Structure formats: C-alpha cells, structure tokens
Number of protein chains: 2
Amino acid sequence: MLRLSKKADYGLIAVRHLAEQPKHTACSAKEIARAYGIPTELLAKILQKLAKGGLLVSQHGTNGGYTLAKPAREISAFEVIRAIEGPLFITSCVTDKRECSQMTRCTVREPLQKVNETLVKALSAVTISSLSDSSGALVQIEGGAL
Amino acid sequence: MLRLSKKADYGLIAVRHLAEQPKHTACSAKEIARAYGIPTELLAKILQKLAKGGLLVSQHGTNGGYTLAKPAREISAFEVIRAIEGPLFITSCVTDKRECSQMTRCTVREPLQKVNETLVKALSAVTISSLSDSSGALVQIEGGAL
DNA sequence: AAATATCCGACAACTTCAGTCGGATATATA
DNA sequence: TATATATCCGACTGAAGTTGTCGGATATTT
C-alpha cells in the first residue's frame, strides 16, 4: 500500500506543533501527546529519535521538553521522516545489504530509483513552516513545479 | 520504511517479461516464475490480479498463459502497482474509511497528499516499455552491485 | 528531597506480508 | 473422451513489521 507509518505522522504533527510555539518555549512529550490524542510513551520515543537525529533539542527536568534545533523553514518533512523511519527506499530489494541474488536480469530497479529520487525531492520541498503557515499557498506553487 | 512490496516487484518483473515476448505469445505463470526464481504459486496469484485488473489477458489450457492487454507503452508502473496493492496513499490515515478522528487540527495531511500526487505522477510516467528499452546496458552495470 | 521529564531496552498485541496448499474450472491436444 | 496443462480461488501458516506498553535509569528544576 506504500504508506507512511503512524510514527512518521505523529512526528510531523509534533514537529509542526513545536514550530508554532513562541520561541524558546519547550513542550514535553506528555503535553503534545495529550493535545493530539497520541499515546504518550510512543510519542516520547519518536521525539527521542528526532532529538538524536539533530532536529530537536531536549531539555531534562521540570519545565523541560523539546524545542526545534533549527528554524521551521530549514526542517523538511523528509528529514523528519528519515529520522524516524530510517533511510527511504521505494524498492523492496535494495536496503542496506545485498539481496536480489535470485533475479539477475532485474531491470525494474533502476527506473524505480528515479521515482524514489522524485519522492525524496517532493518530501524535501515540504518544510515544517509550510505545514504551519497557510498549509496551502506555498505548497501549491511547489506542487505544480514538481 | 515506505517501500514497495515484493508482490509489486514481482508483478513489474513479470509484466516487463511479457512485454519482451514476440507478439501474441503467451507465457505461463510457472514459466515466468522459474525464469526469475519467484515462487510459482505466489506469482500465479499476482498475475491473476493483473488479469482481473484488465492489464493482462489470460488463456486457459495447454500453451496458455498471459499476454499484455495493451501495448507496453500504454501500461504504467502505477497501474501495475495499483492492481496488485490497491489504491496508493502515502498518508497512514486516509484510506477508504474515515479515521483520524482524534486529531482535529491535523494540518499535516493536506501537504502530504500533494506529495502523494507527485509520486503517482512519477510512477505513471514510468511505462513498461521504458523498463525494457533503455535498461539493458545500464542495469548490467548496476547488476554487478546487486 | 521531590517532582518532572528525557532516555532506553525489552516486551506483547496486532496487522501485514510472503509463501504454501488443496482443489475447482477451462482449454488444447492426442 | 481422456489427459495434460494452466488459470482461478480461498484458506491457511509462518515470518516480519507496526503499534503500543511497561519498568526503570538518568538528568534537572524547584
């Protein structure tokens, strides 16, 4: 079905939420989870991955939580998804290790990798700020160009 | 990880194989499966779906099998994938039924659906004939890496 | 010291995917 | 007509991934 995982969805929602906060105001995992009805412990682990991936900055202790590590305009949906789900490949064969030893004449792969590149570009063009702003105007322009 | 299923891969390989056959020459599921090391029964079911989806024409009996229902240039990778995996949605929420009742303020969906449209266009632009044509030389280079 | 919150691994329930099996129907050939 | 071939179809199993939970360790503020 080629769909994005819920974790990625949750991550995008959370990052967008952080982008709408007044600057230097941290949000805890619990706070965001409750706001959107996401399981707290699950979102906590997602935010940890985003922090580990350098997209968020974490702060321990009372009134701690997460803040964006960069301006919202410099964070793309692709970065968020990759930090949560790992490298993004549309083909089922090529992951990290060698597979596909069975089908020597598989010419399907190369054209699909170009589709993969197109997808990465499309996801990279969607910034977190574009999710918050009007969620329409900017993206419609870029959507037409792709 | 947002990857295509093996079934879709198998389907693309099989359709491309059929596209390379001399006209009006049918190939059986068993024949194709053995040529690429794909489990016979599995490929059989995939080809049945493609036939049901109107992309292939099936022929019972001895020397029967499958042939393309249309010229290879008029069959896209998107059609093959959709016939096998069903409708293609990148977002995890929107499928056929209404979900996402929890998050009312979810502005993530709309920009991602445009990414989805981009992906569909990219997959639609990849025709089966394009899998056969240019790939020969190029893929043998990459074939060593597989 | 206490409350808060990130961090981390292990685990269970659930769903999907990949592959298998048995059997029914249809067709060409001898 | 008999036989071999091949599509067709549903049900089933095992593997793998997804989703969510739990317990506990560490860090920080009050």
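Because the structure is a prediction, the values reported are computed rather than measured. Scope of the values below: all heavy atoms of this structure, side chains included, with no hydrogens, waters or symmetry mates. Chain letters run A, B, ... following the sequence lines, proteins first and then strands; every chain starts at 1.
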Undergrad: Expressed in angstrom and rounded to an integer, what is the separation of A:L42 atom CG from C:dA12 atom C1'?
TA: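 Interatomic distance, CG of A:L42 to C1' of C:dA12: 14 Å.
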Undergrad: B:L4 has an atom CG; how far is it from atom P of C:dA18, in whole Å?
TA: 10 Å
Undergrad: Quickly, which of A:H17, A:R16, A:E20 forms a side chain to side chain contact (heavy atoms under 4.5 Å, CB included) with A:L131? Name it, please.
TA: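 Only match with A:L131 under side chain to side chain contact (heavy atoms under 4.5 Å, CB included): A:R16.
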Undergrad: With a 4.0 Å heavy-atom cut-off, tell me which residues in residues 24-33 of chain A come close to DNA chain C, sorted by residue number.
TA: A:S28, A:A29
Undergrad: Contacts to DNA chain C from residues 57-70 of chain A, heavy-atom cutoff under 4.0 Å, which residues?
TA: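 Listed by number, they are A:S58, A:Q59, A:H60, A:G61, A:T62, A:G64, A:G65, A:Y66.
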Undergrad: What is the distance from CG of B:L50 to P of D:dC8, rounded to the nearest Å?
TA: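 It is 11 Å, rounded to the nearest whole Å.
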Undergrad: Is it the case that the side chain of B:Q59 and the backbone of B:A26 share a donor-acceptor pair, with hydrogens and angles ignored and the cut-off at 3.5 Å?
TA: no
Undergrad: Supply the atom-to-atom distance A:L18 CG to A:I13 CD1, rounded to the nearest 0.5 angstrom.
TA: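 Reported to 0.5 Å precision, the distance equals 12.0 Å.
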Undergrad: What is the distance from CD1 of A:I84 to C1' of D:dT18, rounded to the nearest Å?
TA: 14 Å
Undergrad: Round to a whole Å and report the spacing from NZ of B:K49 to P of D:dT7.
TA: 17 Å
Undergrad: Between B:E41 (CD) and D:dT13 (P), how many Å, whole number?
TA: 17 Å
Undergrad: Return the value, rounded to whole Å, for the distance between atom CD1 of A:I38 and atom P of D:dT18.
TA: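 Nearest whole value for this atom pair: 18 Å.
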Undergrad: What's the separation between atom OH in B:Y66 and atom CD1 in B:I46, rounded to the nearest 0.5 Å?
TA: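 It is 10.5 Å, given to the nearest 0.5 Å.
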Undergrad: Any donor-acceptor pair under 3.5 Å linking the side chain of A:S124 with the backbone of A:V120?
TA: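 Yes: the side chain of A:S124 pairs with the backbone of A:V120.
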Undergrad: Can you list everything that forms a salt bridge (Lys or Arg N to Asp or Glu O under 4.0 Å) with A:K30? Sequence neighbours excluded, please.
TA: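 Here no residue qualifies.
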Undergrad: Tell me: CG of B:L43 to P of D:dT7, nearest whole Å?
TA: 9 Å
Undergrad: Is it the case that atom NZ in B:K52 sees more than 12 heavy atoms from other parts of the structure closer than 6.0 Å?
TA: no
Undergrad: Which value, rounded to the nearest 0.5 Å, describes the distance between B:L56 atom CG and B:L50 atom CG?
TA: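 Going from CG on B:L56 over to CG on B:L50, the span is 5.0 Å.
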Undergrad: Need one value for B:K45: base, sugar-phosphate or nothing, where a base atom within 4.0 Å counts as base even if backbone is also close, heavy atoms only.
TA: base
Undergrad: Using a strict threshold of under 4.0 Å (side-chain N to carboxylate O), is an ion pair present between A:K121 and A:E117?
TA: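 Not counted as a salt bridge, because no side-chain N and carboxylate O are separated by less than 4.0 Å.
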